[in-house]
Amino acid sequence: MLKDICTALIEADVNIRLVKKLRENVRAVIDFDEMAGGLNKRRMIQSAVFKELMKLVDPGVKPYQPVKGKPNVIMFVGLQGSGKTTTCTKLAYHYQKKNWKSCLVCADTFRAGAYDQVKQNCTKARIPFYGSSYTEVDPVVIAQDGVEMFKKEGFEIIIVDTSGRHKQEDSLFEEMLAVSNAVKPDNIIFVMDATIGQACEGQAKAFKDKVDVGSVIITKLDGHAKGGGALSAVAATNSPIIFIGTGEHIDDLEPFKTKPFVSKLLGMGDIEGLIDKVNELKLEDNEVLLEKIKHGQFTLRDMYEQFQNIMKMGPFSQIMGMIPGFSQDFMSKGSEQESMARLKRLMTMMDSMNDQELDSRDGAKLFSKQTGRIVRVAQGSGVTEREVKELITQYTKFAAVVKKMGGIKGLFKGGDMAKNVNHTQMAKLNQQMAKMMDPRVLHQMGGMAGLQNMMRQLQAGASGGLGGLGNLMGGFGGK
Ligand SMILES: Nc1nc2c(ncn2[C@@H]2O[C@H](COP(=O)(O)OP(=O)(O)OP(=O)(O)O)[C@@H](O)[C@H]2O)c(=O)[nH]1
Ligand SMILES: [Mg+2]
């Protein structure tokens, strides 16, 4: 088992030497001979590995805390394309939201377009910035002037973006050192791309050797990488990871949390996070709905409320990423944002419906019999009649599944779906679900096997079957 875990860790880009050390440490803390026969060895190994990994991401050093009311100069370093400029803006934005006076200095004169990138990012987020497109070519001068100016103007968070180079070239390090000497940063943040695999260690060491790295930010954790390289970065720089980058957008920056990170590294998912999310939903309030589903009823309002739940849960892929065995990238962020936007659009249409339509046991019939209703809803919500019709079609499909669910005897006995469904019933349900799914969405979910797995996981993890239903409907939003 230990061997399997170690293989998984190496696959997640954890440095081979670190894995070897971890293995020895785990062996040392567990005395297999003395272990009582009845003890669950698997669990003990797992928890020992978990503890070791937690130790590895914790350098035992407190991260730099900016001080209010004085200038805090934060310099970013990292290889080309690691995500420095993007992360600089994200961090400035993060502090700005918390009412710190934040700004950005672009000390990258190496790459053409670097200044324009900063300008564009900052303008969008209304972050004051300093830099020069052509007149000044010395990054040290720009950095010094910019920091000077912002200090005078009373800025609290002054972020200095530096240039990256393709490899760990000497010229990059000289420039970095010169900028650092000129602006005397309070904190140097090393930005590392999670997708570079085993190269992390060498890279982190090279940077730490030259400048006094104080914190680490790992970027691109929204992709395939599990981020095992982060452990090397911590070991090599002896600095804590403070944030992780989870996307290209300005708010795709999350404070680093040890436990969820380690869980994901081990492929265990973020169960705690998932439970928190599900609890936030207050599914017990859904008893009325459960009762209705038992009887095969599902109104437009029920659908509306389920959509609301999905929106409350937040991004669909974020939820999926928390479920063990599901990678976070199972649905790309772009298509997910589209899904959310579509869901919102559907809800806007339903906002234009009246109570009679929303609460009718057969809402679809109302609309098909009196087509004037379609015209009214379309006008009320500013969409085409075709879109309203599509919404009704989608609803009809849902209602049909609910009817099937209600028809399966014993499915809801005692209200707990997980306990009462047998294999055949489950298979039947899954088939129903699959038939209704958009093939592309189904594919993204890992096909039938993925769907079944998800149903099972959700039933086991969330309370009752409703969490599962709600989540499946998230998939429909993407249609
Ligand atoms: N998916 C994803 N993309 C990211 C993330 N952070 C940065 N990127 C992308 O990575 C690319 C490079 O990012 P930059 O911020 O320009 O990198 P840089 O380190 O400033 O690059 P140089 O200035 O050339 O050294 C851009 O396309 C970013 O959108 C992240 O957390 N997730
Ligand atoms: Mg840059």
Side-chain angles (χ1 to χ4, degrees), residues 13 74-94 104-125 127 129-133 137 139 142-143 146 159-169 171-176 179 188-196 199-200 203-204 206-207 210-211 213 215-227 229-230 233 241-256 261 264 315 317-318 321 327-337:
D13 295 332
I74 300 169
M75 178 175 155
F76 272 62
V77 299
L79 279 197
Q80 187 179 63
S82 55
K84 291 180 296 300
T85 306
T86 313
T87 313
C88 279
T89 332
K90 287 179 183 175
L91 193 68
Y93 182 70
H94 168 86
L104 224 158
V105 176
C106 171
D108 181 0
T109 52
F110 175 74
R111 188 164 58 79
Y115 173 71
D116 289 327
Q117 187 189 2
V118 168
K119 189 169 154 187
Q120 200 175 24
N121 285 352
C122 288
T123 310
K124 237 199 244 164
I127 297 162
F129 60 97
Y130 181 92
S132 159
S133 39
V137 288
I142 295 182
I159 295 174
V160 182
D161 183 21
T162 63
S163 73
R165 298 289 157 89
H166 195 54
K167 277 197 224 107
Q168 283 140 241
E169 295 166 46
S171 58
L172 165 67
F173 287 105
E174 269 161 35
E175 182 181 305
M176 195 175 74
V179 171
I188 296 181
I189 295 179
F190 171 56
V191 176
M192 202 185 70
D193 178 341
T195 62
I196 61 168
C200 292
Q203 215 188 87
F207 276 87
K210 279 286 174 191
V211 288
V213 172
S215 321
V216 177
I217 293 180
I218 313 285
T219 61
K220 308 187 193 178
L221 274 172
D222 48 315
H224 289 274
K226 283 198 174 146
I241 304 166
I242 50 173
F243 286 97
I244 55 171
T246 54
E248 294 185 85
H249 295 282
I250 194 152
D251 49 2
D252 292 330
L253 185 74
E254 294 170 17
F256 177 75
F261 180 82
K264 249 181 215 159
S317 72
Q318 202 186 320
S327 67
Q328 215 177 359
D329 55 0
F330 103 107
M331 203 183 231
S332 78
K333 271 236 159 121
S335 74
E336 172 169 324
Q337 267 172 354

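Computed from heavy atoms alone, side chains included, the values below leave out hydrogens, waters and symmetry copies. No experiment lies behind these values; they were computed from the predicted model shown. Every number for a ligand or one of its atoms is a count from 1 in the order of the listing.
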Minimum-distance protein heavy atom relative to atom 21 (O) of ligand 1
G81 N, 3.0 Å
Proximity flag L79 to ligand 1, non-hydrogen atoms under 4.0 Å
yes
Who's the nearest protein heavy-atom neighbour of atom 32 (N) of ligand 1, and how far?
D222 OD1, 2.9 Å
Looking at the Mg ion (ligand 2), is there an N, O or S atom belonging to T85 that lies under 2.8 Å away from it?
yes
May I ask you to identify the nearest protein heavy atom to atom 13 (O) of ligand 1, giving residue, atom name and distance to one decimal place in Å?
T86 OG1, 3.4 Å
Smallest heavy-atom separation, A194 atom then I218 atom, equals CB-CG2, 3.6 Å
Run the numbers for me: atoms of ligand 1, each under 4.0 Å from some heavy atom of D108, listed by number.
23 (O)
Measuring centre to centre across the rings, with the benzene-like ring taken for any Trp, is F207 within less than 6.0 Å of F173?
yes
The closest protein heavy-atom partner of atom 18 (P) of ligand 1 is K84 N, 3.4 Å
Give the atoms of ligand 1, by number and element, whose distance to some non-hydrogen atom of T246 is under 4.0 Å.
31 (O)
With a 4.0 Å cut-off on heavy atoms, is G247 touching ligand 1?
yes
Go through ligand 1 atom by atom and flag the ones less than 4.0 Å from a non-hydrogen atom of Q80.
24 (O), 25 (O)
Heavy-atom closest pair (A92 atom, I159 atom, distance to 0.1 Å) is N-CD1, 3.5 Å
Evaluate G83 for polar contact with ligand 1, using N/O atom pairs at a separation under 3.5 Å.
yes
For atom 23 (O) of ligand 1, the closest protein heavy atom turns out to be R111 NH2, 3.3 Å
Taking only non-hydrogen atoms of E248 and a 4.0 Å limit, the atoms of ligand 1 in range are 1 (N), 2 (C), 3 (N), 4 (C), 27 (O), 28 (C), 29 (O)
Answer yes or no: is there a side-chain heavy-atom contact under 4.5 Å between T85 and V118?
yes
For G164, counting its heavy atoms only, list the atoms of ligand 1 lying under 4.0 Å from any of them.
25 (O)
Check whether any heavy atom of D252 sits under 4.0 Å from an atom of ligand 1.
no
Under 4.0 Å from a heavy atom of G245: give me the atoms of ligand 1 that qualify, with their elements.
31 (O)
Hey, are the side chains of M176 and M75 touching, using non-hydrogen atoms and a 4.5 Å cut-off?
yes
Ignoring hydrogens and geometry beyond distance, is a side-chain donor-acceptor pair present between D222 and T246 at under 3.5 Å?
no
Can you list the ligand 1 atoms lying under 4.0 Å from a non-hydrogen atom of K90?
31 (O)
For atom 20 (O) of ligand 1, closest protein heavy-atom neighbour:
T85 OG1, 2.7 Å
Output yes when a side-chain donor or acceptor of K84 lies under 3.5 Å from a complementary backbone atom of V191, and no otherwise.
no
Judged by non-hydrogen atoms, does G78 sit under 4.0 Å from ligand 1?
no
Which residue holds the protein heavy atom closest to atom 16 (O) of ligand 1, what is that atom called, and what is the gap in Å?
Q117 NE2, 3.0 Å
Which residue and atom name correspond to the protein heavy atom nearest atom 8 (N) of ligand 1, and how close is it?
K220 CE, 3.8 Å
Which pair of heavy atoms, one from S163 and one from D108, lies closest together, and at what distance?
CB-OD1, 2.9 Å
Does any donor atom in the side chain of E175 or T162 lie under 3.5 Å from an acceptor atom in the other side chain?
no
Could you verify whether a donor N or O on one side chain and an acceptor N or O on the other, from R111 and Q80, lie under 3.5 Å apart?
no
Side chain K90, main chain L253, donor-acceptor under 3.5 Å:
no
Just wondering, do Q203 and I196 contact through their side chains at under 4.5 Å, heavy atoms?
yes
Do D193 and T219 pair up side chain to side chain, a donor and an acceptor below 3.5 Å, judged on atom types alone?
no
